[in-house]
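Only one structure is covered here, and it is reproduced in the block below.
Quick note on labels: first sequence line is chain A, next is B, and so on, each numbered from 1. What's counted below: heavy atoms across the whole structure, side chains too, no hydrogens, waters or symmetry copies.
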Amino acid sequence: MPELPEVETVRSQLEPGLVGRTFERVEIVDGRLTRPESPDAVAAELQGERVEAVRRRGKYLIVAFASGRTLLVHLRMTGGFQHPSGESTAHRRAAVLLDDGTTLAYTDVRRFGTWLLLEPEELDAYLAARIGGEPLESAFTTARFARALAGRRAPIKGALLDQRAVAGVGNIYADEALWRARIHPLQPAGELEPDAIAELRRAVRKVLRLGIARSGATLRDYRDPNGGSGSMQHEFMVYGRGGEPCERCGTPIAKIRVAGRGTWFCPSCQQV
DNA sequence: ACCTCGTCCTGGTTGC
DNA sequence: TGCAACCAGGACGAGG
């Protein structure tokens with residue numbers, strides 16, 4: 001499940017091969033990818049666009065064109081790029097022929113991913129309505145984080161998954177950050193003490209940075225555009241480790257369901 | 001305004 | 001061994 005570190009890994013690997021390149025021919029196979037726009041219409045619009053930059057905001061990948069338009073890609077669960085790519089790739093949903101003769105392929109087993117072509121003036125408003133602070137930027141202060149959590153009765157795990165509170169954290173990094181900050185996932189977000197919020201902010205930034213340094217985590221499906229795997233899964237302290245001893249205290253890691261998501265934590269280190 | 005739950009989707013795993 | 005039920009979850013909209 002691509003979260004901020006995985007998307008950042010994809011971004012940094014796509015960047016050198018895409019910047020300056022022109023989309024010569026675009027084929028979109030999966031009609032769901034561009035909903036509600038028609039895939040053929042989007043493919044036609046993309047043809048001739050030249051890539052100026054490849055950016056990221058939260059879990060969104062932003063292919064910025066010289067025209068000022070942007071292709072906003074969300075990989076959701078199993079979306080991914082392969083570049084360069086040959087003819088055959090399983091679950092291919094789209095392909096872009098670039099002006100250097102290489103092919104950028106896009107695959108998505110579960111077809112949740114989306115491609116959205118935005119006009120120059122549309123991007124900021126689109127993102128502003130959906131995601132909050134970028135956790136690795138200096139503007140993501142403890143005060144700002146505290147404001148985003150204030151008054152919320154939802155469990156902190158659920159609040160971390162809310163992209164408007166903090167952009168880019170998903171199920172895996174939420175559990176890892178809460179373990180590091182010694183906070184119980186069911187703790188009501190609005191009841192966290194200022195010290196706990198500061199600790200959680202540090203933990204979120206730490207696990208995301210570590211994730212980027214490890215090129216993300218590869219569980220089942222995730223592969224980076226070069227076909228490589230991340231190694232962050234070897235750093236997991238709780239995610240997917242139900243029954244194993246906590247690295248800090250030896251207590252078996254527990255699994256519960258929070259906000260509809262599998263949630264792992266140490267029942268001894270992480271008290272409500 | 002806030003929160004929870006159902007929906008989308010496929011393939012790997014589990015259980016009978 | 002075969003097959004069906006279950007499970008994984010990011011974002012979004014409906015409903016409480």
Starting from [atom2] on [N], measure out to [atom1] on [X] and report it in whole angstrom.
| X | N | atom1 | atom2 | answer |
| --- | --- | --- | --- | --- |
| A:L4 | C:dG9 | CG | P | 18 Å |
| A:E3 | C:dG10 | CD | C1' | 9 Å |
| A:L161 | B:dT4 | CG | P | 11 Å |
| A:L127 | C:dA11 | CG | C1' | 14 Å |
| A:L75 | C:dA8 | CG | P | 22 Å |
| A:H91 | B:dC9 | NE2 | C1' | 12 Å |
| A:D108 | C:dG10 | CG | P | 14 Å |
| A:R32 | C:dA11 | CZ | P | 15 Å |

Does [X] come within less than 4.0 Å of [Y], counting only side-chain N to carboxylate O?
| X | Y | result |
| --- | --- | --- |
| A:K59 | A:E3 | no |
| A:E199 | A:R182 | no |
| A:E15 | A:R11 | yes |
| A:E247 | A:R241 | yes |

Can you tell me if [X] touches the phosphate of [N], counting only side-chain N or O atoms and a distance under 4.0 Å to OP1 or OP2?
| X | N | result |
| --- | --- | --- |
| A:Q163 | C:dG10 | no |
| A:K255 | C:dA8 | yes |
| A:H74 | C:dA11 | yes |
| A:Y239 | C:dA8 | no |

key: Polar side chain donor-acceptor pair, A:Y106 to A:E27, under 3.5 angstrom   = no

Next on the checklist: Any donor-acceptor pair under 3.5 Å linking the side-chain atoms of A:D108 with those of A:T78?
Outcome noted: yes

Reckon [X] touches a base, only the sugar-phosphate, or nothing at all at heavy-atom distances under 4.0 Å?
| X | answer |
| --- | --- |
| A:R164 | nothing |
| A:P188 | nothing |
| A:G158 | nothing |

So does [X] reach the base of [N] with its side chain, donor to acceptor, closer than 3.5 Å?
| X | N | result |
| --- | --- | --- |
| A:R111 | B:dC9 | no |
| A:R110 | B:dG11 | no |
| A:R76 | C:dG9 | no |

Ranking C:dG9, C:dC12, B:dC3 by distance to the side chain of A:Y60, first place goes to C:dC12

ring centroid sep under 5.5 Å plus plane angle under 30, A:F112 with C:dA11:
no

Note: for A:R261 and A:R153 on DNA chain B, the residue whose nearest nucleotide lies more 5' is A:R153

